[in-house]
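Whatever order the structure lists ligands and atoms in, that order sets their numbers, starting from 1. Given the structure is predicted, the values throughout are model-derived calculations rather than measurements.
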Amino acid sequence: MEAGGGAAVGPIRPTAVEIDLAALADNARAIARLAGTSLCAVVKADAYGHGAPGVATALEAAGVIGSFAVSLVEEGVQLRDAGVRAPILVMGPAQRGGATEMRARDLTPVVSDAGDLDELAAAGPMAVHLKVDTGMGRLGVPMADAAAVAARATSLGLDVAGVMTHLANADVDDPGEPDCLTWRQLDHFAEVTTRVRAVAPGALRHAANSSGTMLFPSARLDLVRVGLALYGNGAWSADAALPAPRRQAMRFVTHVAQLRHLAAGASVGYGALWTASRSTVCAILPVGYADGLPRRVTGHGAVVIGGRRCPLVGAVSMDIAIADVTDVPGVALGDEAVLLGTGAGPHGTDTITTAELAAWSGLTPYEVTCGVSKRVPRVYGAGP
Ligand SMILES: *Cc1c(COP(=O)(O)O)cnc(C)c1O
């Protein structure tokens with residue numbers, strides 16, 4: 001017990017993110033079945049805001065994941081500390097001083113610059129994946145250098161266990177357009193992997209992110225690196241091999257903290273951006289942009305209360321948002337308000353998708369889930 005005698009207090013505030021671990025496992029199974037290759041679950045950036053230790057340990061326990069990928073050495077260490085045993089690929093640019101830690105924690109570095117090799121080799125023999133730039137224009141060795149870098153890695157005692165590239169446009173390209181950047185990148189990659197595998201015959205070839213996996217079948221190769229789709233967002237292939245509809249893993253909820261009755265003509269919130277045009281009941285919600293409800297939903301957003309969609313009115317502020325619940329008879333203090341995901345109640349069921357919240361805020365689905373702040377506790381469960 002701590003000095004002062006206080007026992008640990010659970011969260012008092014009702015604002016939380018609920019992660020549906022069954023949905024995650026089902027999505028993973030469906031994606032692995034579609035891809036027909038090993039599934040590498042991308043859990044960088046705290047599993048896109050879902051909480052990396054909770055997500056990775058659950059997926060590992062479900063037995064559907066071949067490996068994990070993160071951006072930072074620290075993110076890999078966090079997973080090892082949580083007990084994750086599967087291979088963990090560290091995809092970000094080399095972190096000076098990171099090689100020793102990666103070897104000690106059995107993390108697999110991605111080599112995206114020939115200059116990375118010496119520090120890695122000095123840390124001792126280990127597996128690496130070689131990243132090649134086939135058109136993303138970001139990380140990766142030039143195509144012309146790839147085989148030579150692989151040969152040099154091998155001569156330094158490193159095991160080139162994989163060769164990878166990253167697709168720039170898989171989410172926007174039309175797979176029916178043969179000259180799109182994605183198909184050109186995949187052509188380049190096929191040529192590069194042939195040369196790299198002449199030096200490192202066992203190297204796994206991987207290129208596909210979520211959209212590549214869903215929409216460009218020949219991108220699936222030996223392994224797919226999937227983030228967005230795992231969490232139930234982004235494109236979902238119409239292929240019949242996908243056995244179940246995807247399920248959004250994140251629910252972002254709060255409760256009605258106050259109900260206020262406004263006369264017609266009364267305004268609401270900073271800037272008085274919204275004025276009641278009729279006698280109105282407003283629900284005050286203890287959630288704001290500091291929690292990751294984007295301020296830019298102002299004027300566009302909605303929440304589900306009592307199973308019915310209610311517009312958010314006035315500016316979203318740091319800690320507070322306001323919903324117009326005039327059309328939800330019987331709404332009461334403490335009622336659940338769903339910012340993301342499904343809400344059910346006496347008036348029905350409705351779902352706010354990540355794509356909707358993203359569109360309202362001018363963001364991508366990635367930014368919506370990554371943007372839920374550390375102030376909001378993540379609660380893990382098996383879903384409804
Ligand atoms: C983030 C990332 C992915 C996963 O992308 P999604 O679109 O979320 O599936 C795959 N590969 C690399 C190199 C990445 O950085």
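- Looking only at protein heavy atoms, the nearest one to atom 7 (O) of ligand 1 is Tyr366 OH, 2.6 Å.
- Of the protein's non-hydrogen atoms, the one nearest atom 8 (O) of ligand 1 is Tyr48 OH, 2.6 Å.
- Under a 4.0 Å criterion applied to the non-hydrogen atoms of Lys131, ligand 1 contributes the atoms 13 (C).
- Scored by the ring-ring contact (aromatic ring centres under 6.0 Å, His included) test, Trp274 finds no partners at all (sequence neighbours excluded).
- In the model, Gln95 has a side-chain atom that pairs as donor or acceptor with a side-chain atom of Glu74 under 3.5 Å.
- The single protein non-hydrogen atom nearest to atom 9 (O) of ligand 1 is Ser210 OG, 2.5 Å, given as residue, atom name and distance.
- The single protein non-hydrogen atom nearest to atom 12 (C) of ligand 1 is His166 CE1, 3.3 Å, given as residue, atom name and distance.
- For the 3.5 Å distance criterion, the side chains of Ser211 and Asp171 fail to qualify, holding no donor opposite an acceptor.
- Side-chain contact check for Arg225 and His206: at least one donor-acceptor pair (N or O, by modelled atom type) lies under 3.5 Å.
- The contact set between ligand 1 and Leu228, taken as ligand atoms under 4.0 Å from a residue heavy atom, comprises 6 (P), 8 (O), 9 (O).
- The protein heavy-atom contact nearest to atom 11 (N) of ligand 1 is Arg225 NE, 2.8 Å.
- Each of Thr369, Thr364, Asn233 was checked for a side chain to side chain donor-acceptor pair (under 3.5 Å) with Thr354, and the lone residue meeting it is Asn233.
- The shortest contact between atom 1 (C) of ligand 1 and any protein heavy atom is with Lys44 NZ, 1.4 Å.
- Considering backbone and side-chain atoms alike, Gly227 places an N or O below 3.5 Å from some N or O of ligand 1.
- With a 4.0 Å heavy-atom cut-off, ligand 1 is reached by the backbone of Asn209 and by its side chain too.
- The aromatic rings of Trp183 and Phe216 sit perpendicular, their planes meeting at an angle over 60°, well past the 30° parallel limit.
- Put simply, the side chain of Glu18 never gets that close to the backbone of Tyr380: no donor and acceptor are under 3.5 Å apart.
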